[in-house]
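In what follows, chains carry the letters A, B, and so on, assigned in the order in which the sequence lines appear, proteins first and then strands, with residues in each chain numbered from 1. Since this is a predicted model, take the numbers as computed values, not measurements.
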There are 2 protein chains.
Amino acid sequence: MVRARPRISDVARLAGVSTATVSRALSNPSMVTAETRATVAAAVKATGYRLNLTARNLRHSRTGGVLALVPNLANPFFSQILSGIAGVLGPAGYNLLVADTRTSDPETLLAYAEPSRADGLIVLDGSLAAESLARVPLVEACEWIPGLQAPRVKIDNRAAAKLAIDHLVGLGHRRIGHVTGPTQNVLSIARLAGTHEALAEHGLTLPDSAIYHGDFGLQSGQEAARQWLVQDPNTRPSALFLASDEMACGLIGELHRQGLQVPRDLSVVGFDDIELIAHIAPPLTTIRQPRADLGRIAAESLLRLLSGEAAPEGDHILPVELVLRDSTAPWAD
Amino acid sequence: MVRARPRISDVARLAGVSTATVSRALSNPSMVTAETRATVAAAVKATGYRLNLTARNLRHSRTGGVLALVPNLANPFFSQILSGIAGVLGPAGYNLLVADTRTSDPETLLAYAEPSRADGLIVLDGSLAAESLARVPLVEACEWIPGLQAPRVKIDNRAAAKLAIDHLVGLGHRRIGHVTGPTQNVLSIARLAGTHEALAEHGLTLPDSAIYHGDFGLQSGQEAARQWLVQDPNTRPSALFLASDEMACGLIGELHRQGLQVPRDLSVVGFDDIELIAHIAPPLTTIRQPRADLGRIAAESLLRLLSGEAAPEGDHILPVELVLRDSTAPWAD
DNA sequence: CTGAAAGCGCTTACAG
DNA sequence: CTGAAAGCGCTTACAG
């Protein structure tokens, strides 16, 4: 037979006090005498009482949860970020809810950004509509929604592109190409713009023929390789900066299959520094994003927002770093 | 000025009906007349009313959430699984909560498996204490907790090991080694046992010197490579079956750095079929686990449990598959 | 079909 | 320091 969960009134009855006193003894011990505290503690133990969080949340007009809106949960890129978020939210007493924005229909999405579902949002998808989110406190992380007023935690994507380009130019490359992320994506746009700018500083240009349109995924890196392979070896890029490591892997894999070598035939710089790419052949030179830190700081910013502190001024920009490995080599025409 | 959220009573007043009628019109439309329905709908629109889920949940004595207990959120292995879970839970109206069991202290962990926090649990960590979970409906996925009575969704790890070993034996290998996962892990144990069994069927054995103790991570694969490298080339394994693709990557990377080639010098079979390893050099032969399906089916089983259906009999075993790529080659001593 | 009222299980301002 | 009571915002058995 299933006994119903004990409620606070069960504890009160057993302890011979009011429910108010039990509540105080539990959540504000200093408000009751040591003796009361002990009596209540004994009654709690005897009944096996555990606080009903839903009831407390209703009373406090809060949900106790924070929702992370992830563009694609299946993408390993987000694991570290979620881990960083969870590491902050858990100890702070918040539940971490996650939802995949790509696989949810707009209706569902609207229902997600709902004050009764989560106390706050961590938005990792820059393609969402600002209006649908406006009802809940939120911070943006990694990506951002143009026009949306909210604290942002991100990297300087243009500066990152400059690191990559400067490195390649320093190695003697003059024909440098770029493999983009999804066309509309804010990161893609920033990284492409940064590539243009950095090349310009060196008196170089990025012709359309050296721009390969990808989507951050493996397949599109492979596709970029195929496009590059059919271009004139004398005029095609001698080096490629890719907007993600995954695409770089796809590209290198395809090049290998076609009998070409990286970096001998093509220098490659990736983006993200996902764990595996230090161990592939060749180990990939890339731009490191502090993914766990991005998650951690986004969560901390949101907690500050929820506790009523003033929203931080300006964006929170985290440093990136060029990690030199073996996928780039000097070049002389 | 901040206007409080409208409540159901605001809608009722405007519509000139009782709160009960509003509630019915919203969650059980067929219980009210079409006219009432229209009046209520208009009042909802006019007030901008949205249901407070916490209140409804309290009333229904449920939380509306399902908690996934993940051993390590930072591990990309779980992204696809979470994605599979989210794909089922979202449409069913449940929130997906996630928590990292490794970074949570036992106290916190106990508080997680709390009926007032989640209606059900999807347990992905086989190292948790059965007692701490017993209070909430749950299913186990991938890993399992010995002694815990709960529906399990998993693969046949022994059969998977047999696929790998049969393949290697078929190529002529006689000295076959195994790189394990963490010693206490149920998957490690099953895969090691499966390796023993499969070798025995071919009249072969797995000497201690051919067992390398890893932890599923990249570094430990690298470490296994170092151990193998210092063993006598004439007696050390000519082929290795590893309990994870990550370890296989770490191992191959280290072998390359030492000037050895896979599969020329060593045949390698991994486990999991994570996306990237199809694109490394050499593309890895491995055992494919249907990760998204594992998550999906675990979520479906839990929903069935929560809806009061009888728990399914026995474990739900999903098929694995040997994916042949280029990291294994014939061998003749 | 609809309404009045009780109740889900807490917390807290108020009074003593 | 403690208690009685109201209330967080819903839903539903009961009555009409």
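Taking a 4.0 Å limit (strictly below) on heavy-atom distances, residues 15-27 of chain B reaches DNA chain C at B/Val17, B/Ser18, B/Ala20, B/Thr21, B/Arg24.
Residues passing the side chain to side chain donor-acceptor pair (under 3.5 Å) test with A/Thr54: none are found, sequence neighbours excluded. The side chain to side chain donor-acceptor pair (under 3.5 Å) check on A/Gln80 picks up nothing, with sequence neighbours excluded. Scored by the side chain to side chain contact (heavy atoms under 4.5 Å, CB included) test, B/Thr21 finds B/Val17, B/Ser18, B/Arg24, B/Val32, B/Thr36 as partners (sequence neighbours excluded).
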In dot-bracket form, how is DNA chain D paired, counting a Watson-Crick or G-U wobble pair only if both its distances are under 3.5 Å and using | for bases paired to another strand?
|||.||||||||.|||

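A/Asp125 and A/Thr101 share a donor-acceptor pair across their side chains, judged by distance under 3.5 Å alone. Using modelled atom types, one finds a donor on one side chain and an acceptor on the other under 3.5 Å when comparing B/Arg117 with A/Asn95.
In this structure, the separation between CG on A/Leu124 and CD1 on A/Ile85 is 5.5 Å, given to the nearest 0.5 Å.
Nucleotides of DNA chain D nearest to B/Asn28 and B/Thr54 differ in position, and the one nearer the 5' end is that of B/Thr54.
Nucleotides of DNA chain C with any atom under 4.0 Å from a heavy atom of chain B span, from 5' to 3', C/dC1 to C/dG9.
None of B/Leu302, B/Asp315, B/Leu305 except one satisfies the side chain to side chain contact (heavy atoms under 4.5 Å, CB included) rule with B/Pro151; the exception is B/Leu305.
Here the separation of C/dG16 from C/dT12, taken at their C1' atoms, is 16 Å to the nearest Å.
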